Asks: 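My questions will all concern the structure given below.
Just so we're clear, the structure is a prediction, and the values are computed from it rather than from any experiment. In what follows, every chain begins at residue 1, and chains take the letters A, B, ... in the order their sequences are listed.
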Number of protein chains: 2
Amino acid sequence: MKSVERHNKIVEIVLENGRMSIADICKMFQVSEMTARRDLNALDRQGLLRRIHGGAIANLGRSYEPSFQTRTFKNQSKKMAIGLKAAELIYDGDSVALDVGTTTLEIVAGLRGKRNLTIITSCLQIATRVVDQLSLDTDVRLVLTGGIIRPRELSMIGPIPEHVYQDLHVDKAFIGIGGISLEDGLTEYNIEDTQIKRMLIRSAHEKIVVADGSKFGMTTFASVAPLTAVDKIVTDNSAPAEIVEQIRKQGVEVILADAD
Amino acid sequence: MKSVERHNKIVEIVLENGRMSIADICKMFQVSEMTARRDLNALDRQGLLRRIHGGAIANLGRSYEPSFQTRTFKNQSKKMAIGLKAAELIYDGDSVALDVGTTTLEIVAGLRGKRNLTIITSCLQIATRVVDQLSLDTDVRLVLTGGIIRPRELSMIGPIPEHVYQDLHVDKAFIGIGGISLEDGLTEYNIEDTQIKRMLIRSAHEKIVVADGSKFGMTTFASVAPLTAVDKIVTDNSAPAEIVEQIRKQGVEVILADAD
DNA sequence: ACAATCGAACAAAAAAATTGTATCATATAA
DNA sequence: TTATATGATACAATTTTTTTGTTCGATTGT
């Protein structure tokens, strides 16, 4: 086992159980205390958990959204499956908007080989990944909306992106979302985000939500739009069947990706 | 000598002399032919030179601007010195615009420890570096202008950044430039860039050009502005003394950084 | 106070990268 | 075309970097 794998596992467990002790790590991975401490200190520096005496705890205050990097670890394989499935909805020549998010980020991997795409995003991570992965092989036009960068999020907010989205029209918008519920519709953690997401929905011909199964039945802080404001939802097969059923009855297509 | 240093030296020499043979490399660095070949192949893959039978040649069609990555290698130590010197002009609380460029990129390193900065840029590299290096320690507000990303340049052009710069006003703008000449003033390689640079100059209270000594006396393709449109020029001590003298006579302050 | 935990420093071990040599394939020039 | 130089692959040797463990004095929480 490589050290990076161990780090990932540790973060996953801390996120799952809320805490993990030095002793736990020693036992589970057969390493010395010093190594366990070094691991936790490194992960703490990366902001992925909070170091405490004797171990580490998750660093999420309940009502706060975890940082982008932390969220990347949650349900990663599911997000990858969703991203690839969502990418299948994109055809050569499409103009697509990719919302900020760890799930939308995975869509990029599925764009290899597609021709003549226009991609609009306000997410620095997505932009960087597109440049790294695509701009060499594929002929892709990449547009960044600009805006004020939120340091932990690497997304841009404020009047600039709103203004840009207002003037642009895309074939398809892929929207990440904090919660999907029958009662409260689509909800997000931050008010700033809701505004951008609304603009996105407005300026896209086809509106597609990407969200892993854990988002279903969740209501987070700020309301974005009713369920029926979007055309499709791409999720994985861990999404609760009854909720999916109800959503379909409301006329929203739900696409399930196979996650390992 | 580390392999990276050797690579840098090789690129520098190829850029300087236009070509370099396998034998040259073996002799100069006391390495085997195999190593020399591996070096050239690696650098070719990175697009920094063009591999030919028996050696390598520079891969610049004379009238074209080399790619961002290639330019990073040219006069790197001088650019670092200039960047640090230029950063001394920035005070706590300033709002600064950082133009696209390999020299402006080096300003970021000098911003450590400064408080309450607002940085505006349309360069993806600069944005990424600011996020990596500063956003943790420093309290910096980072604004990206947005725009269409030019894949090789990682800069943004088009109506979006122009519009954004139009609405923003900064204390100081640091402008990279392709050529500085007494007859033709400030010139650039691409027309697209000139427009943005003009906007930058217009929206800044203090206009500062950063350019290494090799840019002096050069005229590139497109005219940006007359020399007197800017307040200061930060360069290194390799800048030709007579030209510097003449520029100073025109009322533009020239600051010389000590390069190794 | 006192046992557990921590971090610094050093040494050991493992992993990764760099480099060289030998060998055979390929390209260039006469 | 042949002869010679150059190239590429594979493997081994080397160096460098990363990771890990141990010891020991300092610090922490109960």
Asks: Picking from dC6(C), dT19(C), dG21(D), which would you name as closest to the side chain of R51(A)?
Replies: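 Nearest nucleotide to the side chain: dC6(C).
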
Asks: Can you tell me which nucleotide in dA22(C), dT19(D), dG21(D) comes closest to the side chain of T35(A)?
Replies: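 Ranking dA22(C), dT19(D), dG21(D) by closest atom to the T35(A) side chain puts dG21(D) first.
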
Asks: Relative to the 5' end of DNA chain D, which residue comes earlier, G54(B) or A36(A), by the nucleotide with the nearest heavy atom?
Replies: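 Checking each residue's closest nucleotide, the 5'-ward one belongs to G54(B).
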
Asks: Given dT15(D), is OP1 or OP2 found less than 4.0 Å from the side-chain N or O atoms of K2(B)?
Replies: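 No, outside the criterion.
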
Asks: Side chain of I22(B) only, please: which of dC6(C), dA8(D), dG7(D) is the nearest?
Replies: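 So the nucleotide nearest the side chain must be dG7(D).
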
Asks: Over how many whole Å does the gap from R6(B) atom CZ to dG20(C) atom P extend?
Replies: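 It works out to 8 Å between those atoms.
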
Asks: Any side-chain heavy atom of H7(A) sitting closer than 4.5 Å to one from L48(A)?
Replies: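 H7(A) vs L48(A): side chains apart.
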
Asks: Write down the distance between CG (N41(B)) and C1' (dA17(C)), rounded to a whole number of angstrom.
Replies: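 N41(B) atom CG is separated from dA17(C) atom C1' by 17 Å.
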
Asks: Look at the side-chain N and O atoms of R38(B) and state whether any lies under 4.0 Å from the OP1 or OP2 oxygen of dA8(D).
Replies: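 No, no such contact exists.
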
Asks: Could you walk me through whether K9(B) and E5(B) satisfy the salt bridge (Lys or Arg N to Asp or Glu O under 4.0 Å) test, starting with their C-alpha distance in whole Å, then the side-chain angles of each, then the deciding distance to 0.1 Å, before giving a yes or no?
Replies: CA-CA 6 Å; K9(B) 279 243 164 46; E5(B) 300 178 51; 5.5 Å; no

Asks: For S32(A) and dT20(D), is the shortest distance between a side-chain N/O and OP1 or OP2 below 4.0 Å?
Replies: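 Answer no for this pair, as no side-chain N or O of S32(A) is under 4.0 Å from OP1 or OP2.
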
Asks: Of all the choices, dG20(C), dG7(D), dC6(C), which nucleotide is nearest to the side chain of H53(A) once you look at every atom?
Replies: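 That would be dC6(C).
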
